[in-house]
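Each chain gets a letter, A, B and so on, in the order its sequence line appears, and its residues count up from 1.
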There are 2 protein chains.
Amino acid sequence: MLDRRADVSLYRQLASALRDQIRHGELPPGAELPSESDLSKRHGVSRDVVRDAMAVLRAEGLIATVRGRRAMVREPAVKVSVQAPPAAEITARMPTVDERRHWNILEGVPLITVRTTDMETHHPADRVVVHTAPAPAPDGALYGFGGDEAPSDSG
Amino acid sequence: MLDRRADVSLYRQLASALRDQIRHGELPPGAELPSESDLSKRHGVSRDVVRDAMAVLRAEGLIATVRGRRAMVREPAVKVSVQAPPAAEITARMPTVDERRHWNILEGVPLITVRTTDMETHHPADRVVVHTAPAPAPDGALYGFGGDEAPSDSG
DNA sequence: AGTTATTTGTCCGTATGTATA
DNA sequence: ATATACATACGGACAAATAAC
């Protein structure tokens, strides 16, 4: 229940309540949230408060909204592994609107940049995990008997 | 100038205009933006439109706002290098409000996570650059005379 | 097919609170 | 104290996209 006398604003309280429902699985990925007018009536607040709460969750990447449709809990995207080259710099920032359009990035999703002296690649953070090279094999363990790691090329 | 007949909303047009001024250096880091009422009058739009435009730029990490003060173009933070261990997974996502408070992260700044089997560290993306291990020295160039660059490496 | 209802997006105005200058 | 400025909350209105019939 929202508390008007609390030192936290109404829309932040509502955002926290919805966030908890998402985290606890009451609103699983793919589920629709109640409509804005519904939440507005249910909590006795203006639609403005509801929309501000939605904006918070959108900025956190938790929900996705489309005009005419109810807000939806975002599905965790399948992540592709990207191998970081040696001596690479990995940074992250929020993409611009142009970059969001160009790479089809949803709101609240950072952009990961992998940069070396030669090249620079960009990846939407919800679809990519960057991994570093495996630990160098200790002396004598080089080219072992061929477990699940091929010595030549992984393809 | 904002165009009410354009197919782009007013607040997005205003956000783009301000973003361009920041990118082109007319509003350098540390500079104050005009006040909301000022922008409202100057462009003939409601304060709501101005605030929506500000929210866009905040979410992109371009400006920082404090109650009672004018919005400010964010200074590029000094970045600390973090060495990624071998076989590490590097991901990024937007922090929750609690995480923002806990690590003192501004709006529009992603959270970088470096995870291995043993540990997991979190870093604000505006203050950290993760770098991978340098390329292994080629055979024979091992333990060279200690120049800045290995002689046969492309970089 | 088309028509209506629902739902989110945008924009306006106003008022009040709270922090800064 | 007064003025300025951003944050929050209310209300209303219309547009645009979707869903339902």
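- Spacing between atom CG of Leu2(A) and atom C1' of dT8(D) amounts to 14 Å, rounded to whole angstrom units.
- Side-chain atoms of Glu89(A) never come within 3.5 Å of backbone atoms of Val129(B) as a donor-acceptor pair (strictly under, hydrogens ignored).
- A side-chain donor-acceptor contact under 3.5 Å links Thr65(B) and Arg58(B).
- Per the geometry, CG belonging to Asp7(A) stands 15 Å off C1' belonging to dA19(C), to the nearest Å.
- Atom CZ in Arg69(B) sits roughly 17 Å away from atom C1' in dA3(D) (whole-Å rounding).
- Rounded to an integer number of Å, the gap from Glu107(B) CD to dA7(D) C1' is 12 Å.
- One can place CG of Leu39(A) at 17 Å from P of dT6(C), the figure rounded to the nearest angstrom.
- Regarding Met72(B), its CE atom lies at a distance of 13 Å from the P atom of dC6(D), rounded to whole Å.
- Under 3.5 Å, the side chains of Ser37(B) and Arg47(B) contain no donor-acceptor pair of N or O atoms.
- The residues Glu36(A) and Arg70(A) are annotated as not salt-bridged, no charged nitrogen and carboxylate oxygen being separated by less than 4.0 angstrom.
- The CG atom of Leu33(A) sits 16 Å away from the C1' atom of dT6(C) (whole-angstrom rounding).
- Between Arg70(B) and dA5(D) there is a side-chain polar atom (N or O) within less than 4.0 angstrom of OP1 or OP2.
- Linking ILVMFWY side-chain heavy atoms closer than 4.5 Å, directly or via other members, places Leu62(B) and Met94(B) in two distinct hydrophobic clusters.
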For nucleotides 9-14 of chain C, read 5' to 3', which letter fits each nucleotide if B means a protein heavy atom sits under 4.0 Å from the base, S means only the sugar-phosphate is that close, and - means neither? BBBBS-
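- Salt-bridge annotation for Glu99(A) and Arg93(A): present, with a side-chain N of the basic residue lying under 4.0 Å from a carboxylate O of the acidic one.
- Regarding His43(A), its NE2 atom lies at a distance of 13 Å from the P atom of dC10(D), rounded to whole Å.
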